[in-house]
Amino acid sequence: MKTNLTATLLILIGAHAAVAGPYDGVYKQAANAECALVGVDGGAVRIADGIFYGVEVECRMADPVNVLDMDALLYTMQCSGADQVFSERAMLMNKAQGDGIIMVWDGYAFVYDRCPEPGAVAVDTPAEPAAAAPVTDAAATE
């Protein structure tokens, strides 16, 4: 009986750990950020398994609350880093356009674009051709 209970608990813990959060991913701090460098200035930030990895800070994202009439979640961020431990509230939501997130802290809002998956090939899409101007016959206008 004890073996069955232990096996069941291990399965449940494993299933919980395998579930990705709605904002899991690696995000650029700036347009020219280096996505391979997480947690440093000029690099990227990462959200994985309920933890936000920022610049020299790591925050456990706890107690998510749906924001009324918005596709957003409000978290209690339990953070540590740079010889500090603190707790703040932060709201996360997906960007309306493009692939990325918006993170709002008290008085600050950050827009992060998602980094491409490692090994993904960037494909440039050709620009839409400019609309051709109507052709008029100069002789017909005289």
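What you see below is based on every heavy atom in this structure, not just the backbone, and it leaves out hydrogens, waters and symmetry mates. FYI, the numbering just counts along the sequence from 1.
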| query | Distance from Gln29 atom CD to Cys115 atom SG, nearest 0.5 Å? | reply | 9.5 Å
| request: Would you indicate whether the side-chain heavy atoms of Tyr23 and Tyr112 approach each other to under 4.5 Å? | output: no
| said: So, using side-chain contact (heavy atoms from CB on, under 4.5 Å) as the criterion, who are the partners of Ile51 when residues are at least two apart? | reply: Tyr53, Glu58, Arg60
| Set of side-chain contact (heavy atoms from CB on, under 4.5 Å) partners for Cys59, sequence neighbours left out | Phe52, Val57, Met77, Cys79, Trp105
| note | Scanning both residues in full, the closest heavy-atom pair of Asp24 with Gly50 reads OD1-N, 4.4 Å
| field | Set of residues satisfying side-chain contact (heavy atoms from CB on, under 4.5 Å) with respect to Thr76, sequence neighbours excluded | value | Asp63, Gln78, Ser87, Arg89
| query | Transitively linked via ILVMFWY side-chain contacts under 4.5 Å: Tyr75 with Tyr108? | reply | yes
| Remaining members of the apolar cluster that contains Leu37, side-chain heavy atoms under 4.5 Å | Val40
| note | Applied to residues 94-105, the salt bridge (charged side-chain N to carboxylate O under 4.0 Å, His left out) test, sequence neighbours excluded, yields Lys95-Asp113, Asp99-Arg114
| query | Looking at CG of Leu92 and CZ of Phe110, how far apart are the two atoms once the value is rounded to the nearest 0.5 Å? | reply | 11.5 Å
| query | Between Val26 and Cys35, which heavy-atom pair has the shortest distance, and what is it? | reply | CG1-O, 3.8 Å
| message | I'd like to check Tyr27 versus Arg46 (side-chain heavy atoms, cut-off strictly below 4.5 Å). Are they in contact? | response | no
| query | How close do Gly54 and Val45 get, heavy atom to heavy atom, and via which atoms? | reply | CA-CG1, 4.0 Å
| task | Could you tell me whether the side chain of Met61 reaches within less than 4.5 Å of the side chain of Leu73, counting heavy atoms only? | result | no
| For Ala72, side-chain contact (heavy atoms from CB on, under 4.5 Å) partners two or more places apart | Val67, Met70, Met91, Met93
